[in-house]
Amino acid sequence: MGSVTQSMTLPKRFYLPRCIGLGLGFWPVYACLPALPYHGPVLGMLLLYCFGWPHLAYLLARIGARPLDTERRSMLVDALAAGFFAGAIGFNPIPSVAIVAMISMNNMAMGGPRFTGMGALASLAGAALAWLALAPPFAGALSQLQVAACLPLMILYPVSLGYVCYQSAMKLATQKQQLRRMSKTDHLTGLTNRAALNDILDESFSSPETAMNDSVIALIDVDGFKQINDRYGHLAGDRALQKVTEIMRACVREQDTVGRYGGDEFCVILRQVDRPEAARILERMRALAQQNSCAQDGERLPTLSIGAAAYGPGASSGAMWIHQADQAMYEAKRGGRNRVVFAA
Ligand SMILES: Nc1nc2c(ncn2[C@@H]2O[C@H](COP(=O)(O)OP(=O)(O)OP(=O)(O)O)[C@@H](O)[C@H]2O)c(=O)[nH]1
């Protein structure tokens, strides 16, 4: 409730169920009215409430600065009105329980336990108001018509509220999936990010099913990348990183993972591969980058220094394995860059 700009989502989502709920809730009360001495004015109030209030509540939420708070107040008005009409019909058991139960279900679904408690207090206040203002006679025996008038509310309203909750749950699940995907992805290149790469490696060391016995890990650093930024600007640097990403993606196979390890450093996990095959893939990457390292539209693209380490006894953890590849990558840098070096 603290945010300054509140969304219209809840009032919008609640508009149709309120129209349906009050449209159906009209009948149980209406069926009890003829026996009551004050049925005329109560019928007028009932008509206004059931068929006018849903639109007014929506309008109030639309024009108010804080639609969510307005909607919550409207829900308390619903609870108060439910108590009032239950009192007005002399607490006729089935219709009273039906309308108060539907409102409570609504409050629980939309506002949680505390809000439901507030709604219950509002219903009690409404019932007390009816008691004081109308002094209703206690309801006698229930007629078949009164029972029948409750059925549409008791059957259709839970279905419509359930549908609203289902839609919210589906939307939340989709958003959660999107968030999970975003938290694992590097936004510039669209590659797996460092945290997700580390998770993959840690997982591979945690159980035999995910072990990467026939795998090779490679750390790939862009040569002289700082100069590209300095000479052509940061945006050109970003484009160069994206171009390197394209090259790496073009060279790996379906089972491999390409990730951005940070800055101008990438990590490739090659699975189900022997060393000669891994060397071929990595050499192809290096060569393609070199081919692209001529001037293009005034921007030079970089070469790559690649350090690789095959899974072996020295790789006792993900961090150790990466360290081996890192050492090999520095070896490649020291050896003059633009080359592939395998850890011994
Ligand atoms: N454009 C761009 N630059 C980045 C990004 N992330 C890191 N950098 C820059 O990448 C550069 C990396 O510089 P260095 O680590 O010195 O690497 P280098 O110039 O390639 O030097 P060597 O690795 O020795 O060849 C730094 O200037 C960072 O500011 C990014 O997302 N976009």
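Hydrogens, waters and symmetry mates play no part in the numbers below; they use all other heavy atoms, side chains included. Just follow the structure's listing: the first ligand is 1, and inside any ligand the first atom is 1. Residues take their numbers from the sequence shown, with the count starting at 1. As the structure is a computational prediction, the values presented were derived from the model and not from experiment.
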Check this for me: does any side-chain nitrogen of one of R271 and D214 sit under 4.0 Å from a carboxylate oxygen of the other? no
Within the 6.0 Å centroid threshold, strictly below: Y15 and Y58: yes
Here the salt bridge (charged side-chain N to carboxylate O under 4.0 Å, His left out) pairs for residues 78-102, sequence neighbours left out, are R18-D78
Residue shell for ligand 1, any heavy atom closer than 4.0 Å, reads L188, D221, V222, D223, G224, F225, K226, N229, H234, G237, D238, L241, R260, G263, D264, K333, R337
By salt bridge (Lys or Arg N to Asp or Glu O under 4.0 Å), R280 pairs with (sequence neighbours left out) E277
For residues 120-141, please give each side-chain donor-acceptor pair under 3.5 Å, one per line with the distance, not counting sequence neighbours.
unit_1	atom_1	unit_2	atom_2	d
S123	OG	A79	O	2.8
S123	OG	G119	O	3.3

For the side chain of N193 and the backbone of A196, is there at least one donor-acceptor N/O pair under 3.5 Å apart? yes
